[in-house]
There are 2 protein chains.
Amino acid sequence: MVKVPKLKLDSYQPLRDVIFETLRKAIISGDIKPGERLMEVSLAEQMGVSRTPVREAIRRLEAEGLVTMVPRKGTHVSELSSKDIIDVLEVRGALDKLATSLAAKRVQPQQIRALESIHKQFISCVEKGNMEGAIRKDIEFHDAIYAASGNSRLIGVLSSLKEHVYRFRVIYLRDLNIAEHVEQEHQQILEALREGNAERAAELSENHIRNQMDAIVEALNQKKL
Amino acid sequence: MVKVPKLKLDSYQPLRDVIFETLRKAIISGDIKPGERLMEVSLAEQMGVSRTPVREAIRRLEAEGLVTMVPRKGTHVSELSSKDIIDVLEVRGALDKLATSLAAKRVQPQQIRALESIHKQFISCVEKGNMEGAIRKDIEFHDAIYAASGNSRLIGVLSSLKEHVYRFRVIYLRDLNIAEHVEQEHQQILEALREGNAERAAELSENHIRNQMDAIVEALNQKKL
DNA sequence: GTTATGTTTTTTGTATATAATATACGGTAA
DNA sequence: TTACCGTATATTATATACAAAAAACATAAC
């Protein structure tokens with residue numbers, strides 16, 4: 001049975017947005033598992049709201065691909081096969097490459113400084129063995145590059161893909177050792193960006209994602225999914 | 001004032017889907033112009049339905065980026081600046097390249113035949129001066145390549161981007177001469193796919209989109225937007 | 001004439017009620 | 001026992017009703 005927390009209605013935001021975020025987090029974090037049904041009435045009751053905003057939130061989850069709707073039957077959390085995640089990573093690889101290449105051409109000095117700061121914090125997390133923090137800093141690092149690309153459409157598509165990657169990690173690979181090579185690769189990308197060398201930056205980021213994909217595929221094979 | 005046709009309720013489909021398609025077509029074809037407001041009550045009245053399915057359709061349009069919602073204020077059709085379309089084309093370029101490269105590795109003989117058939121029809125349209133038909137065949141050609149990529153996530157993202165490109169064409173470039181070079185470029189891509197030469201296919205498709213982008217940018221400059 | 005403020009109107013946000021459909025269950029006949 | 005049909009129930013789809021916020025307008029004060 002799906003369980004979600006009661007809502008906190010602090011700052012004013014439409015209920016649909018609050019509910020959307022709540023459900024989204026619950027799905028990404030694995031609290032609601034693939035295949036589980038989302039029933040409007042029960043969700044609405046648990047959250048203490050009516051069905052209307054719940055429906056709207058579910059529509060948005062569907063648009064993100066996190067849930068699947070069948071008309072007149074209902075909604076369930078989308079399954080996430082290894083084929084799915086490979087598909088996502090293929091797309092993400094191409095877009096990450098584009099983002100890094102654009103960023104090399106357009107990045108502002110202040111954005112470089114922000115990247116350096118994030119990278120330092122990443123290293124510090126790794127040294128302390130704080131994996132959760134390292135993952136967060138890894139995400140931040142890439143987000144900062146996306147932002148520096150100056151292409152808002154690209155940022156939007158990538159942020160939607162990111163959710164799926166993260167969801168996959170949570171479901172299958174809680175213990176994935178992310179720090180391997182990553183620190184060094186980030187360092188190199190950072191240098192290429194600093195030099196404004198778009199070609200090299202693109203190449204490095206392509207490799208970076210490919211390595212991640214390989215690590216995931218290998219981890220999957222070990223678990224023989 | 002936004003005008004939409006009354007709905008035909010032939011085959012059974014949820015109203016929200018019918019409404020979504022209706023509005024989507026109206027926006028893409030330019031019948032509803034950028035900046036125009038979408039008011040739930042008036043749309044619902046015109047279509048002879050209640051506000052509920054209209055709202056749900058609007059939520060989906062928002063997810064596609066075709067409209068922009070401001071809480072408690074309303075919804076309006078998204079503007080489409082030349083920056084926007086360049087952003088979209090940059091992303092599409094990267095993904096088209098990926099799709100073509102994957103297709104070269106995975107394409108089935110039967111899919112090759114389908115591509116050849118579409119390409120023949122494209123040529124025939126061009127010869128007859130049937131530009132509308134040629135544009136349709138151009139779209140079909142690329143769709144067939146996407147399908148051959150075997151990556152459903154990629155197909156999804158590309159189909160959403162496509163809408164924006166098409167919308168842009170309709171709004172700004174009704175007379176864009178699409179046939180220039182396109183026939184020859186399609187021919188070359190087709191050959192690379194037939195040979196399974198992923199590298200060459202990728203390169204060709206990258207060029208293909210870049211040429212399209214250049215043509216659009218040039219057309220924009222002539223209109224000094 | 002202009003600005004500020006109070007009131008009306010319009011429009012969206014949320015809740016609830018009704019309709020339609022799918023599913024589950026039970027009974028009956030082969 | 002099994003297959004089929006019908007009814008009951010659960011759930012979504014749509015409609016409507018009510019609440020709250022924003023915008024438009026008018027009026028009064030300066």
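Chain A is the first sequence line, chain B the second, and so forth, proteins listed ahead of strands; every chain is numbered from 1. Keep in mind the model is a prediction, meaning the values are calculated, not measured.
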Below 3.5 Å, can you tabulate the donor-acceptor pairs from side chains in residues 105-114 of chain A to any protein atom, sequence neighbours excluded?
residue, atom, partner, partner atom, Å
R106(A), NH1, S149(A), O, 2.8
R106(A), NH2, E90(B), OE2, 2.8
Q111(A), OE1, Q108(A), N, 2.9

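For the residue pair T52(B) / E56(B), no side-chain donor-acceptor distance below 3.5 Å is found, with atom types taken as modelled.
Taking the charged nitrogens against the carboxylate oxygens, R24(A) and E21(A) do have a contact shorter than 4.0 Å, which makes a salt bridge. Between K83(B) and D87(B) a salt bridge is recorded (basic side-chain N to carboxylate O distance below 4.0 Å).
Qualifying side-chain contact (heavy atoms from CB on, under 4.5 Å) partners for E132(B), counting only residues two or more places apart in sequence or in other chains: N130(B), R136(B). Remark: H186(B) engages F122(B), F141(B), H142(B), H208(B) in a ring pair (Phe, Tyr, Trp, His ring centres under 6.0 Å) (not counting sequence neighbours).
Under the salt bridge (Lys or Arg N to Asp or Glu O under 4.0 Å) criterion, the residue pairs touching residues 60-71 of chain A are D17(A)-R60(A), with sequence neighbours excluded.
For DNA chain C, the contact window with chain A, defined by any atom under 4.0 Å from a protein heavy atom, covers dG13(C) to dT23(C) in 5' to 3' order.
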Seminar exercise, completed: Reading nucleotides 8-17 of chain D from 5' to 3' and marking B where a protein heavy atom lies under 4.0 Å of the base, S where only the sugar-phosphate is that close, and - otherwise, the string is ---SBBBBBB
